[in-house]
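Structure first, then comments.
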Amino acid sequence: MKTIGIVDTTFARFDMGSAAVEEIKQHVSARMIRITVPGIKDLPVASKKLIEEQGCEIVMALGMPGAAEKDKMCAHEASTGIIQAQLMTNTHIIEVFVHEDEGKDEKELAFLMENRAREHARNVVDLLFKPEKLVKQAGTGQRQGFEDVGSLRG
Ligand SMILES: Cc1nc2c(=O)[nH]c(=O)nc-2n(C[C@H](O)[C@H](O)[C@H](O)CO)c1C
């Protein structure tokens with residue numbers, strides 16, 4: 001059985017980890033290992049440990065950068081760490097960030113956090129179990145959370 005790692009944060013204002021776990025369960029039977037860390041800068045090492053110590057074949061790293069300038073800096077640092085962890089382990093870590101200022105109000109933010117977590121969970125399922133499905137979607141302007149923007153070829 002394949003193993004998927006899920007790491008999320010207490011800083012986020014929506015339980016993105018649960019949404020991802022629920023979505024994956026609807027599509028495949030996989031072992032899931034879930035960890036929650038305080039914030040996004042803690043995601044890289046938690047993801048790396050899930051891969052190296054718990055045998056996860058792919059990891060979802062979910063978090064919410066805040067709206068302040070220092071949070072955006074934090075998000076950039078966290079992203080860089082996640083990329084580094086992917087290269088060190090040769091394993092996908094799908095970063096699922098929703099910036100707090102992406103939603104025009106709290107309702108839209110919650111909608112976005114749930115939908116992006118769920119849509120990326122489906123990407124994770126496809127990457128691990130049916131990568132050919134993603135090849136079929138190449139260049140189709142997929143977006144996670146809000147509406148897809150579509151292909152330039154119509
Ligand atoms: C400034 C800051 N901003 C965020 C943020 O926007 N989102 C988030 O999830 N976490 C933030 N943190 C916390 C750090 O990511 C980390 O949890 C602490 O520095 C402890 O390692 C910090 C310190």
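All of these numbers come straight from a predicted model, not from anything done at the bench. Counting begins at 1 with the first residue of the sequence. Order of listing sets the numbers, starting from 1, for every ligand and every atom in it.
Partners of Pro44 according to the side-chain contact (heavy atoms from CB on, under 4.5 Å) rule, which considers only residues two or more places apart in sequence or in another chain, are Ile82.
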Discussion item. Show, in sequence, the C-alpha distance, side-chain angles and deciding distance for Glu95 and Ser79, and conclude whether the side chain to side chain donor-acceptor pair (under 3.5 Å) test is met.
Written reply: CA-CA 8 Å; Glu95 179 190 296; Ser79 276; 2.7 Å; yes
Got a list of side-chain donor-acceptor pairs under 3.5 Å for residues 18-31, not counting sequence neighbours?
residue: Ser18; atom: OG; partner: Asp15; partner atom: OD1; Å: 3.2
residue: Ser18; atom: OG; partner: Asp15; partner atom: OD2; Å: 2.6
residue: Ser18; atom: OG; partner: Arg34; partner atom: NH1; Å: 2.9
residue: Glu22; atom: OE2; partner: Arg118; partner atom: NH2; Å: 2.6
residue: Glu23; atom: OE1; partner: Arg118; partner atom: NH1; Å: 2.8
residue: Glu23; atom: OE2; partner: His27; partner atom: NE2; Å: 2.8
residue: Glu23; atom: OE2; partner: Arg122; partner atom: NH1; Å: 2.9
residue: Arg31; atom: NH1; partner: Thr3; partner atom: OG1; Å: 2.8

Using distance only, find each side-chain donor-acceptor pair of residues 46-53 under 3.5 Å and give its atom names and separation, not counting sequence neighbours.
residue: Ser47; atom: OG; partner: Leu43; partner atom: O; Å: 2.8
residue: Lys48; atom: NZ; partner: Glu52; partner atom: OE1; Å: 3.2
residue: Lys49; atom: NZ; partner: Glu53; partner atom: OE1; Å: 3.4

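Residues with a heavy atom under 4.0 Å from ligand 1: Phe11, Pro38, Gly39, Ile40, Lys41, Asp42, Met64, Pro65, Gly66, Asp71, Cys74.
Salt bridge status for Lys133 with Asp126: present, with a side-chain N to carboxylate O gap under 4.0 Å.
Under a hydrophobic-cluster definition in which Ile, Leu, Val, Met, Phe, Trp and Tyr are linked whenever side-chain heavy atoms come within less than 4.5 Å, directly or via other members, Met64 and Met60 are assigned to the same cluster.
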